[in-house]
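Structure, as structure tokens:
None of the values given here were measured: they were computed from a predicted structure. Throughout, protein chains are lettered first and strands after them, A, B, ... in sequence-line order, and every chain is numbered starting at 1.
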Number of protein chains: 2
Amino acid sequence: MVENTGANTHTKRALEELRQRILSGAFPGGTRLFEVALAEDLQVSRTPVREAMSRLTEEGLLERARNGGFLVRSFDFADVLDAIELRGVLEGTAARLAAERGVSDARLKEISEIVRQLDTCFGNGPDDVDFDAYSELNGQYHLVLAALPGSATLEREIARATRLPFASPSAFLPDRRQLSAFRRSLGLAQDQHHQIIHAIVRREGARAEALAREHACAARRNVEYIFSADSSVAQTVPALALVGQGNRNDD
Amino acid sequence: MVENTGANTHTKRALEELRQRILSGAFPGGTRLFEVALAEDLQVSRTPVREAMSRLTEEGLLERARNGGFLVRSFDFADVLDAIELRGVLEGTAARLAAERGVSDARLKEISEIVRQLDTCFGNGPDDVDFDAYSELNGQYHLVLAALPGSATLEREIARATRLPFASPSAFLPDRRQLSAFRRSLGLAQDQHHQIIHAIVRREGARAEALAREHACAARRNVEYIFSADSSVAQTVPALALVGQGNRNDD
DNA sequence: TCAGTATCAAATGTATTCATATCTCGGCTG
DNA sequence: CAGCCGAGATATGAATACATTTGATACTGA
């Protein structure tokens, strides 16, 4: 049995290009993607385009239309808030199970290191936060947290649902007031990260779960605040831009 | 723009046949599925086989191998227990949100009807339970419950994770003692169904969540009991047979 | 005998061609 | 004038031929 594969450079190209276009908001939610048009545009045949769309469906960026074909999934404000809620629940579960079952030293070391790096993003003062680095590391933190319990199925499903929704804060922070509020909230979030890890180490499952949930509630309040403070932001930022951190499965 | 689709009878056939084979345990977990072999076997070309495998990957029954190709996902006992745990958490969230946000009369009517039908499965006495009908309806109950909150994204993710794992009890109940224990537990489960609906109607979010979680814990205990009581069952029943109720997306 | 290399076969990737379903549009008919 | 029906356009479904990658094996030389 030859466990082989043919060439896949075209599929890979199509996949990456399409993903990038979707995440950048090139296609409004609900847009139907046509194989032929994309194939011409990407200079490949329909086959790798189909393959790419299928994979993007698995990733949650597309959905299959009722009668065939693919649509760009659309997310509205309520979806984003719900996704944060869901994420809090799942991460809470992950944290609780990690505390109940115990965590390998390697994993604990891994996530502690991430938290340590998160600390460094705050620099020397409250006005010196590296938003982009923080956001990137924060995504890793959540993924590793979701992976803690050590069950393949659980890990997989939690990671899937956790991955979907998250705001990249630096993308939509127009005015000074909001920036300042966001810095404060990031400081609180960072405290919560430390507390969650502590609770896991101390094997306090209920507390770890509650903390992770509160963490998500704080994130929810932040997003609500930002969008409500300036309604133009809600309309300007495509909801899809909030989606997809660490969603890749490239090799 | 013709929102069209070509014929899909071959894909449909391949999809249903493959799904059935996987769920029936024809392929042990980890088995690699080869396009050519399946295409010959099913008397179709590789194209619809590929398409079917891609969709089964979305359903969670297959996974993509590192270097291309598809593997049958394998689930062990721990995976099944974890899946039940996860399910309880998600359904708890669904119940809580339903209680907090309120539920449309139509939806409430829908799920109340399912619970009513579940009641009828118990017949006239404790020895007259229609397991198959109960199991079927129970799956519907869970899916509708997951759909209650009314947010498309949330609904989708909850339904996805909820769908994955559940035991079909009648499939592995060999001896009289277990059967009797199972009847009792089903009665308790049915009580819990009623209580959850009541809590949602009364807008008691925390209670609804706690009840749904307890419901899952009971299910977990049942499965643990059955598998521990007769270790041969755990080895005989392919874990995959526990997967996939209401996972269809046929039209 | 072992190691390294070359060759082959097996499996998937890609392109192309044909088939088929459905949506649109125009004309016919009541 | 409205509604239905049919033909054409369009998009996806399916089949097939060809390309490419990679694992396995056999052969050769040390």
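The side chain of A:Val36 lies closest to D:dA11 when the candidates are D:dA11, D:dT16, C:dT14. The side chain of A:Asn8 lies closest to C:dT14, out of D:dA14, C:dT12, C:dT14. The side chain of A:Pro48 lies closest to C:dA15, out of C:dC23, C:dA15, D:dA15. Distances were taken from every side-chain heavy atom of B:Thr11 (C-beta onward) to each of D:dT12, C:dT14, D:dA14; the shortest belongs to D:dA14. Closest contact between the side chain of B:Glu35 and the listed nucleotides D:dA15, C:dT12, D:dA11 involves C:dT12. Among the nucleotides D:dG23, D:dT12, C:dA11, the one closest to the side chain of B:Phe34 is C:dA11.
Put simply, CD on B:Gln43 is 15 Å from P on D:dA14, counting in whole angstrom units. The separation between B:Arg13 atom CZ and C:dT20 atom C1' is 16 Å, rounded to whole Å. What separates CZ of B:Arg50 from P of C:dA15 is a distance of 12 Å, to the nearest Å. Summarising the geometry, the separation between NZ on B:Lys12 and P on C:dT20 is reported as 17 Å, rounded to the nearest angstrom.
Aromatic ring pairs are classed by plane angle as parallel below 30°, tilted from 30° to 60° and perpendicular above 60°; the pair A:Tyr141 and A:His193 is tilted.
Distances shorter than 4.0 Å separate some side-chain N or O of A:His10 from OP1 or OP2 on C:dA15.
Nearest-nucleotide mapping onto DNA chain C: of A:Arg46 and A:Thr9, the residue sitting toward the 5' end is A:Thr9.
With sequence neighbours left out, the side-chain contact (heavy atoms from CB on, under 4.5 Å) criterion links A:Glu35 to A:Arg46, A:Arg50, A:Met53.
Considering every non-hydrogen atom in both A:Val115 and A:Ile197, the closest pair reads CG2-CG1, 4.1 Å. In plain terms, the two heavy atoms of A:Arg13 and A:Gln43 that are nearest each other are NH2-O, 4.2 Å.
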